[in-house]
Every structure is written in structure tokens, then in C-alpha cells.
There are 2 protein chains.
Amino acid sequence: MTSRDRREREKEALRQEILDAARDLFVQEGYENVSMRRIAEKIDYSPTTIYLYFEDKADLLFHICEETFTKLVTKGEKILAEKTDPLTKVKRIGRNYIEFGLKHPNHYKVTFMVQHSHDELKERYENSMGHRAFELLRSSVEECIKTGIFRKVDPGMASQALWAGVHGITSLLIAKPLFPWVEKQKTIDLVLDSLCAGLSKDKKKSGAAKPARA
Amino acid sequence: MTSRDRREREKEALRQEILDAARDLFVQEGYENVSMRRIAEKIDYSPTTIYLYFEDKADLLFHICEETFTKLVTKGEKILAEKTDPLTKVKRIGRNYIEFGLKHPNHYKVTFMVQHSHDELKERYENSMGHRAFELLRSSVEECIKTGIFRKVDPGMASQALWAGVHGITSLLIAKPLFPWVEKQKTIDLVLDSLCAGLSKDKKKSGAAKPARA
DNA sequence: TGTTATACTTAACATCGTTAAGCGAAATGA
DNA sequence: TCATTTCGCTTAACGATGTTAAGTATAACA
């Protein structure tokens, strides 16, 4: 069955060619500004050919993002496995997340900055790499709580709060490049450090402040 | 010149009619899922009529957002003028911001969650209500620094960090409605409280952590 | 009453994502 | 080796989008 194998290899090659072309265009010009026809043109196939390899445009994008986010998760797992103190790990995972987002703004946008709900894509995205990226953060937070560095808060809640911080600064820097940012790098540090400090033990009184309900 | 006046009044009325129809549809179904034709249909005019009153679809959306965000800013100014302690003000302004975003997700999305850069819309957005909403946050942060509640950090940086937090939780809650959130309300509080605590004085040692550079 | 300006519409353009139908070449069976 | 089936891809088309150009009534004005 050599011929069958070869055909399959060729199919896989074309699939990759499509992915590569699409990634190039998406990264360069953004998802919405790239048409299926342009992708097809780039690889000298008819537009409809793409639909033989991917369900639709969103599906194509999804696979590209998964590919890219795998790198983020891999790096995160490496950090998590290190033998440093948990607090440093949390911050480094956070930084890794932020820097990844800034390095791949178009990928980041589509996985974290657009609402993809009530479509049936629901479960697909739940099991995605984006989700696993959050789980990574969560693991490191749990370590901090277990070792007594963070105070005894709900790990899920604390992770969500930290996620809010890292996602917040990442998405703002992406969405508002014209904003007169002062000290981007230091702001990133400040977000991470402040949030961690706020979650840490020792400091009980944080001013006059009860939870500050309106 | 009564006739001239009347005509002008009628023009203004139609303009508002367009805005109202568009807002309804945008809020209900989201900007991208609403076509100019549908807006026109709703008010029984031809699609092209809209272009006599607004430059294009984005322009239409912009005016709607400004309208809505004015409310946020007004409320924020009211809070800022209150005679409570600065820390409470920061938190209430933060909460106000978050709650506003969750109440008007479609407006929030277009002003804060999409990248509107290198178009010439640049300056327009810089002077927008969204921008003023940030300035509000900044004012309250400056108060906290001046009164010694927050430690001596750059006010711009601290504001950006706080903004990251509130924007982060807001945009995530909007973009990821299917995420298995635990304790949304408490998470909001935790973000605000932790960030403020981290920016506050008293606590020097926040664990073993230097800025955590990778 | 005739002219001009105003408010709006009809028709069309270029483009989009996507589907249905068809075509030629390669693989398969005899 | 020849007929048939399968595979990979394309051509053509559908219905929709935002937007523009050209045209048409009606109202205002002289």
C-alpha cells in the first residue's frame, strides 16, 4: 500500500500548507481582514479546496491557535516543574502568559478576546489549549496556597483573580496600542507583584477597606 | 424661518430614530450580527438613508457608545466627588466600571475589547468617553497616593495596573460566559481588594519575591 | 409658476463565506 | 488491458455584506 501512504502524506502536506499560509496572513493582517479566497490564492488552489481540509474559516483559525498555544502550555509546564519557590513560579507563569500574548496578538485575540459562546463550538473551546493555559496558572496558585505563601482563599477564585490581572494587561496592551502607556514593562511587573502581594499572608489590614460593595 | 427649524428638528428626530434602532439591535445581537439593511428595515427607511446621517457602520456604533459611556463617566464623577476615604472611592469606581461593562457587554466590547489602531480614528477614540473613564480611575488612584494610603508608585503606572485588573475581570466574564466561573461576585471583590492591598503601604515583604523577571 | 435645493430611494458594485455540481486523473478490479 | 469506481480539485453559483453613484420625487424659495 505504498501509493495509499503517499497520497496520505500528500494530503497531510497540503493541509499543512494551508495552515501555514493562513497563519501567515492572519498574523500579518488579522483574522477578519483575510478572506478564504486570499488564502487559497497564496497556495495556488481554489478557495473551495480549503473546505476539504477544514470545516470553515473558524475551524481553520482554531487549529492554528491550538498549534501556537501548545507552545505556551509547554513552556508553562516547564516552569511549573522547576524547583524554585511557588511564588516565583506564579509570577513567571504569569509573565510567560503575558509575553506570549504580546508576541502573538492575533492568536491571543481570537482565543481570549472574542466571545465565542452559544455556538456549538462550546465544548471544543472548553477543552482547548487556552483552557489548559488557565489550568497551569491554577496549579501554581494552588501551590502557593498549600505552602502558606498565599492566604487561605478559594484556589479557583484566586486563580481567576490572577487571570484577570494577566489577561487584563495583555489585552489592553494589544487593544490599545495608541494609549499613552507609561512604563509598560514595569506596569506588567506591578500588576503581578501587587496581585500576589494582595493574595499573600502577613498583611491583614489593607487600609480602611471592607470589600467595598457599592 | 419656522419651516427651516421644523426640518432641522425632523432631521434630528430621524437621527435619533436611527441611533435607537441601531442600539437596540446591537445590544440584542451584537455589532457584527447586525447589518445596515436590518437597521434600515426596522425604521422603514432605505439602507442608504443611514449614510446621510452617519459616515459608516463604525461611526454609527461610535456615537452609540459615546452616549452610553457618558453614563459611566457621570456616575464615576459622582463617586469621585463623594466625601468618603480615597481607598473606598477607588474600589467603588472600579466596581462601577466592572458593573457597567457587564451591564452593557456589547458597548464594552467595542470600546475596550477590539483593536482600533492605525486607522485615522485614532484621535477620535483618544478623546472618547472610554478614555475619560480611565482618567476617572486615575484621579482616584492619585488621591490614594497623595493621602499616603498607597505607597509612592508612579500614579500612571498604578492606574494602569488597576485598570488591567478591572478590565481583565470584566472582559473575561464577557468573553468567556461558558467558563466554569466560581463565585463571580467574590472574584470581582478579590481582584479589587488584592490589587489595592498590593498597592497599599504597610506590607513591605511580600514573600521572597523580587519583581520576578523571567 | 418655474427653479433650485433637499430628503430619500433604486440599482449596482465588489466582496464575503459557503455549497452544489461536475470534471479529469488516478486507483482498482477483471 | 480495459471498464469502473474513487479521489482531489475546480467552476459556478447563492445569498449576504458594507458602501457608492445616479436618479426621483417633494418641499422651499424666487
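Naming convention: chains lettered A, B, ... in sequence-line order (proteins, then strands); numbering from 1 in each chain.
- Counting non-hydrogen atoms under 4.0 angstrom, A:F54 reaches nothing in the nucleic acid.
- The ring pair (Phe, Tyr, Trp, His ring centres under 6.0 Å) search around B:F69 returns B:F100, B:F112, not counting sequence neighbours.
- Among the protein residues, B:L52 comes within range of the nucleic acid bases, having at least one heavy atom under 4.0 Å from a base atom.
- Listed pair B:T49 / C:dT9 meets the phosphate criterion, a side-chain N or O lying under 4.0 Å from OP1 or OP2.
- For the residue pair B:Y53/B:Y45, the side-chain donor-acceptor check at 3.5 Å is not satisfied.
- What separates CG of A:L60 from C1' of C:dT18 is a distance of 14 Å, to the nearest Å.
- Between A:F179 and B:W163, the two ring planes are tilted [angle within 30° to 60°].
- Note: CD (A:E32) to P (D:dT17) measures 16 Å, nearest angstrom.
- Ring geometry for A:H107 against A:H104 counts as perpendicular: the plane angle is over 60°, on a 0 to 90° scale with 30° as the lower cut.
- Summarising the local packing, NZ of B:K75 is surrounded by 12 or fewer heavy atoms from other residues, nucleotides or ligands at distances under 6.0 Å.
- For A:I18 and D:dC9, the CD1 to P distance is 8 Å, given to the nearest whole Å.
- As rounded to whole Å, 12 Å separates atom C1' of D:dT17 from atom OH of B:Y31.
- Taking the six-membered ring for Trp and the full ring otherwise, B:Y108 and B:H167 have centroids separated by under 6.0 Å.
- Heavy atoms of A:S35 sit under 4.0 angstrom from primed sugar atoms or phosphate atoms, though from no base atom.
- The interatomic distance linking A:K11 (NZ) with C:dA26 (C1') rounds to 14 Å, in whole Å.
- A straight line from NZ of B:K57 to C1' of D:dT19 spans 12 Å, rounded to a whole angstrom.
- Note: CD1 (B:I50) to C1' (D:dG18) measures 11 Å, nearest angstrom.
- To the nearest angstrom, C1' of D:dG8 lies 7 Å from OH of A:Y53.
- A heavy-atom distance below 4.0 Å to DNA chain D is reached by these residues of residues 36-47 of chain B, ordered by number: B:M36, B:R37.
- Minimum heavy-atom separation, A:L173 to A:L102: CB-CD2, 3.8 Å.
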